[in-house]
Number of protein chains: 2
Amino acid sequence: MVKVRRNKVEQPPEVCPLGECMSLISGAWSPHVIWYLRDGPRRFSELRGDIKGVSAKVLTARLRQLERDGVVIRREVDSSPPTVEYSLSELGAELRPAIAAIVDVGHRLKQRR
Amino acid sequence: MVKVRRNKVEQPPEVCPLGECMSLISGAWSPHVIWYLRDGPRRFSELRGDIKGVSAKVLTARLRQLERDGVVIRREVDSSPPTVEYSLSELGAELRPAIAAIVDVGHRLKQRR
DNA sequence: CCGAGCGGTTACCTGCAGGTAACCCGAATA
DNA sequence: TATTCGGGTTACCTGCAGGTAACCGCTCGG
């Protein structure tokens, strides 16, 4: 019967950063968007095809939010027919390694299942 | 007036891994739990103190889910008074770099704001 | 004996992310 | 002329994560 450790919290590491960043990639689909934009711009309907199971409404909502947060950039292309091109901003590019790390764990998860 | 690119989706990268892993760390508080367990076991009320703003109910729920998913390990310690110790499983440890990457981006986010 | 701390549980309520389905305009194609 | 495609918008509905508050049994310290 050992006495309970009543240890102090060492260095409360001020982890607001976690919430800060999580708010950018929270929402079921945001990480997918960032992931599929990792190698360059993509059009709306390309993303719809890439990300299986997402509806137009939700994809629009996520893209708008990511745009407001400064993660992706929306560019209307004056082509025929007019199209819209989404790409990662500088900030969005910084998120790539984080998403990549998550994908990496996901891979190993599948491997062992 | 340029014709629209009708490019094919190159290498549909089979990104179920993303959803796979996101399901482990989704929920506002799961990443925090993993983060605060990164350096070793912690007791329930230590975690409550670490993670500012989380209620007992929600913390319990997240811990139970993470336990079911095999991410954390719950251990009742026969001390006096009895306490409960949570730690990362091997799988949980694999999530550390992903969380660290997110925290890292969060830091740079705060820096520039 | 009283109160506090530990590790929760239970009941109740709320918001909002997400799903479905229908509809929109303009340009290009058949 | 009618249909398709691109890029959405709108209305409506649902589930569940999360918040609040009260309560619980046990043990320890004063």
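In what follows, every chain begins at residue 1, and chains take the letters A, B, ... in the order their sequences are listed.
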Q: Apply side chain to side chain contact (heavy atoms under 4.5 Å, CB included) to B:Leu95 and B:Cys21, showing your working.
A: CA-CA 9 Å; B:Leu95 290 167; B:Cys21 180; 3.8 Å; yes

Q) Taking it one step at a time, do B:Thr60 and B:Arg64 satisfy side chain to side chain contact (heavy atoms under 4.5 Å, CB included)? A) CA-CA 6 Å; B:Thr60 306; B:Arg64 295 278 183 273; 4.0 Å; yes

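OP1 or OP2 of D:dG8 lies within a sub-4.0 Å distance of a side-chain N or O belonging to A:Arg74. For the OP1/OP2 pair of D:dG8 and a distance below 4.0 Å, the side-chain nitrogens and oxygens of A:Arg62 include no atom meeting the criterion. Close to D:dG6, at under 4.0 Å from its OP1 or OP2, lies no side-chain N or O of A:Arg43. An OP1 or OP2 oxygen of D:dG6 is reached within less than 4.0 angstrom by no side-chain nitrogen or oxygen of A:Tyr86. Between B:Arg48 and C:dG5 there is no side-chain polar atom (N or O) within less than 4.0 angstrom of OP1 or OP2. Residue B:Thr83 places none of its side-chain N or O atoms closer than 4.0 Å to OP1 or OP2 of C:dC6.
The interatomic distance linking B:Arg64 (CZ) with C:dT10 (P) rounds to 11 Å, in whole Å. If you measure from atom CD of A:Glu85 to atom P of D:dG8, you get 12 Å, rounded to the nearest angstrom. If you take CG of A:Asp78 and C1' of D:dG6, they are 14 Å apart, rounded to a whole angstrom. The CG atom of B:Leu59 sits 15 Å away from the P atom of D:dA17 (whole-angstrom rounding). A straight line from CD of A:Glu67 to P of D:dG8 spans 9 Å, rounded to a whole angstrom. Taking atom CD of B:Glu76 as the reference point, atom C1' of C:dC6 lies 12 Å away to the nearest angstrom. Atoms CH2 (A:Trp29) and C1' (C:dC16) sit 17 Å apart, rounded to a whole Å. Taking atom CZ on A:Arg75 and atom P on D:dG6, their separation rounds to 18 Å, with Å as the unit.
Among the nucleotides C:dG18, C:dC6, D:dG8, the one closest to any side-chain atom of A:Ala28 is C:dG18.
Checked by atom type, the side-chain pair A:Arg74/A:Tyr86 shows a donor-acceptor distance below 3.5 Å. Judged by distance alone, the side chains of B:Arg62 and B:Gln65 do bring a donor and an acceptor atom under 3.5 Å apart.
For A:Asp69, there are no salt bridge (charged side-chain N to carboxylate O under 4.0 Å, His left out) partners at least two apart in sequence or on another chain.
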Could you run down the sub-3.5 Å N/O contacts of the protein with nucleotides 20-23 of chain D?
none

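Cluster membership for A:Ile34 and A:Val58, using ILVMFWY side-chain heavy atoms within less than 4.5 angstrom, is shared.
Aromatic pair A:His32/A:Trp29: centroids less than 6.0 angstrom apart.
Taking for each of A:Pro82 and A:Gly27 the nucleotide of DNA chain C with the nearest heavy atom, the 5'-most of the two is the partner of A:Gly27.
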